[in-house]
Trainee: 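Here it is, the structure in full.
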There are 2 protein chains.
Amino acid sequence: MSRQSQAKAAKPESLETALGNTETIDFEIIELLFFSYRDFVSDPDAILASSGFGRAHHRVVHFVNREPGMTVADLLDTLNITKQSLARVLKQLIDSGYIRQVAGPEDRRQRKLYPTQAGRDLALALAEPQSRRIARAFEKVPPEMRPGVKLFLDGMRDRKTSEAG
Amino acid sequence: MSRQSQAKAAKPESLETALGNTETIDFEIIELLFFSYRDFVSDPDAILASSGFGRAHHRVVHFVNREPGMTVADLLDTLNITKQSLARVLKQLIDSGYIRQVAGPEDRRQRKLYPTQAGRDLALALAEPQSRRIARAFEKVPPEMRPGVKLFLDGMRDRKTSEAG
DNA sequence: AAATTTATGTCAACAAGACTGACATATCTT
DNA sequence: AAGATATGTCAGTCTTGTTGACATAAATTT
């Protein structure tokens, strides 16, 4: 935290002065992440708008499709939201026939989640434009550099401290 | 809304069946984008929580720092939100002394936006953990693949149809 | 000069999706 | 039998997005 800039009180807030550590900060990638994510979620948003669902529903349908049989607790861990937040959208998806619950065979307190056919259809419809966008973006990357994208994105995730945390 | 699933009443919804086009859809990158962005914004969120600001304030402070002198209209184009949404957070940032406005020298209707020293400090404090996360992620990418990341992220953006749209 | 357009601000109402806190129920574990 | 765990639910709050309507000042057009 070297805020040396405040020390030199000579100029009274010169307008054009930039940040001190500008050189060391990767503003460009920060912005690219913002813009790319903003546009990445805009595709499904348009589809969801017509069905009365939102982004939260999208996430639930996506992950239940990706891992059929996952429990409510699994989903909470994945989404990093509270159970009250999840409950609202999950209930709507169950009532609308996109997802159904089955009591766990071992532990009957658990509710294992499965997509219905409508749920699979919806997940696919939402993933399609996103996948097309990803394919388009990869076309601009030289083939030998493409594996780096996945490595980078994976490296951006928090490392799971499985427990003891 | 083709709810064909109800038509074929043969199988009573086999539980484990996955999506039809699973092969053609890049679910892996879709998820990596979700997880990486989720964790990417968690760093500044923690800092913002203590100052009473939110993500919306972060974006404004960031872009005004990146392009001092930008107008309100510029900011609206960048953020893709309504002026009423922007007004709320912008007013708070001005009242709190993080951003100030100057009437445009050519067009005096415009309000050119500049960060104060506090605004620059805040932008830097928020960018630092994000930049460190990005640096960590790049370490896992072979150097010759690194330029591909920027190309990919840029390719994910919507193409500006400057006007005529 | 008058009319219109543009840039910005503001009031009011609403919605999605996150949060906290409290409490209920069924089931598993000790 | 007692306690812990997985899930559900009620109720209220906050942030951040939306729409619609209207106000003001300054620039542009007629």
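Just so it is clear, the structure is predicted and the values come from calculations on it, not from any experiment. Convention: sequence-line order gives letters A, B, ...; per-chain numbering from 1.
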Trainee: May I ask you to evaluate whether A:Arg108 reaches the phosphate of C:dT27, defined as a side-chain N or O under 4.0 Å from OP1 or OP2?
Mentor: yes
Trainee: Go through the steps to decide whether A:Ser42 and A:Asp39 satisfy the test side chain to side chain donor-acceptor pair (under 3.5 Å), and finish with yes or no.
Mentor: CA-CA 5 Å; A:Ser42 72; A:Asp39 294 343; 4.9 Å; no
Trainee: Within the structure, does a side-chain N or O atom of A:Ser85 lie under 4.0 Å from either OP1 or OP2 of C:dG17?
Mentor: no
Trainee: Would you say B:Gln117 and B:Arg120 are linked by a side-chain donor-acceptor pair, where the criterion is simply a distance under 3.5 Å?
Mentor: yes
Trainee: Measure from the side-chain heavy atoms of A:Arg88 and tell me the nearest of C:dT10, C:dC19, C:dT8.
Mentor: C:dC19
Trainee: With a 4.0 Å cut-off on heavy atoms, is A:Gln101 in touch with a base, just the backbone sugar-phosphate, or nothing at all?
Mentor: sugar-phosphate
Trainee: So if I take every side-chain heavy atom of A:Gln110 and compare against D:dC10, D:dT7, C:dT10, which nucleotide ends up nearest?
Mentor: D:dT7
Trainee: Within the modelled atom types, does a donor on one side and an acceptor on the other bring the side chain of A:Gln84 and the base of D:dG12 under 3.5 Å apart?
Mentor: no
Trainee: Just compare D:dT16, C:dG9, C:dT10 and give me whichever is closest to any side-chain atom of B:Val72.
Mentor: C:dG9
Trainee: Is B:Arg109 near enough to C:dT6 that one of its side-chain N or O atoms lies under 4.0 angstrom from OP1 or OP2?
Mentor: no
Trainee: With a distance cut-off below 6.0 Å to the six-membered ring centre and an angular limit of 45° from the axis, does B:Arg146 pair with B:Phe138 as a cation-pi contact?
Mentor: no
Trainee: Do A:Lys91 and D:dG8 share a donor-acceptor pair, side chain to base, under 3.5 Å?
Mentor: no
Trainee: Residues from residues 36-48 of chain B sitting under 4.0 Å of DNA chain D, heavy atoms only?
Mentor: none
Trainee: Quick check for you: among C:dT10, C:dC28, C:dC19, whose closest atom lies nearest to any side-chain atom of A:Asp107?
Mentor: C:dC28
Trainee: Tell me which nucleotide among C:dC19, C:dT8, D:dA27 gets nearest to the side chain of B:Ala73.
Mentor: C:dT8
Trainee: How do A:Pro105 and A:Thr82 order along DNA chain C: which one's closest nucleotide is nearer the 5' end?
Mentor: A:Thr82
Trainee: Is the ring pair A:His62/A:His58 parallel, tilted or perpendicular, if the boundaries are 30 and 60 degrees?
Mentor: perpendicular
Trainee: Answer with base, sugar-phosphate or nothing: what part of the nucleic acid does B:Glu106 contact at a heavy-atom distance below 4.0 Å?
Mentor: sugar-phosphate
Trainee: Between C:dA15 atom P and B:Ile81 atom CD1, what is the distance in whole Å?
Mentor: 20 Å
Trainee: What is the distance from atom CD1 of A:Ile30 to atom CD1 of B:Ile134, rounded to the nearest 0.5 Å?
Mentor: 4.5 Å
Trainee: Return the orientation label for the A:Phe63 and B:Phe35 ring planes: parallel under 30°, perpendicular over 60°, tilted otherwise.
Mentor: tilted
Trainee: Does A:Asp154 come within less than 4.0 Å of A:Arg159, counting only side-chain N to carboxylate O?
Mentor: yes
Trainee: Looking only at heavy atoms, which two atoms of B:Met145 and A:Gly148 are closest? And how far apart?
Mentor: SD-N, 3.4 Å
Trainee: State, to 0.1 Å, how close B:Ala123 and B:Val61 come at their nearest heavy-atom pair, and which atoms those are.
Mentor: CB-CG1, 3.5 Å
Trainee: Using a 4.0 Å cut-off on heavy atoms, which residues in residues 53-63 of chain A reach DNA chain D? List them by number, or say none.
Mentor: none
Trainee: Which sits closer to the 5' end of DNA chain C, A:Asn80 or A:Gly52, going by the nucleotide each is nearest to?
Mentor: A:Gly52
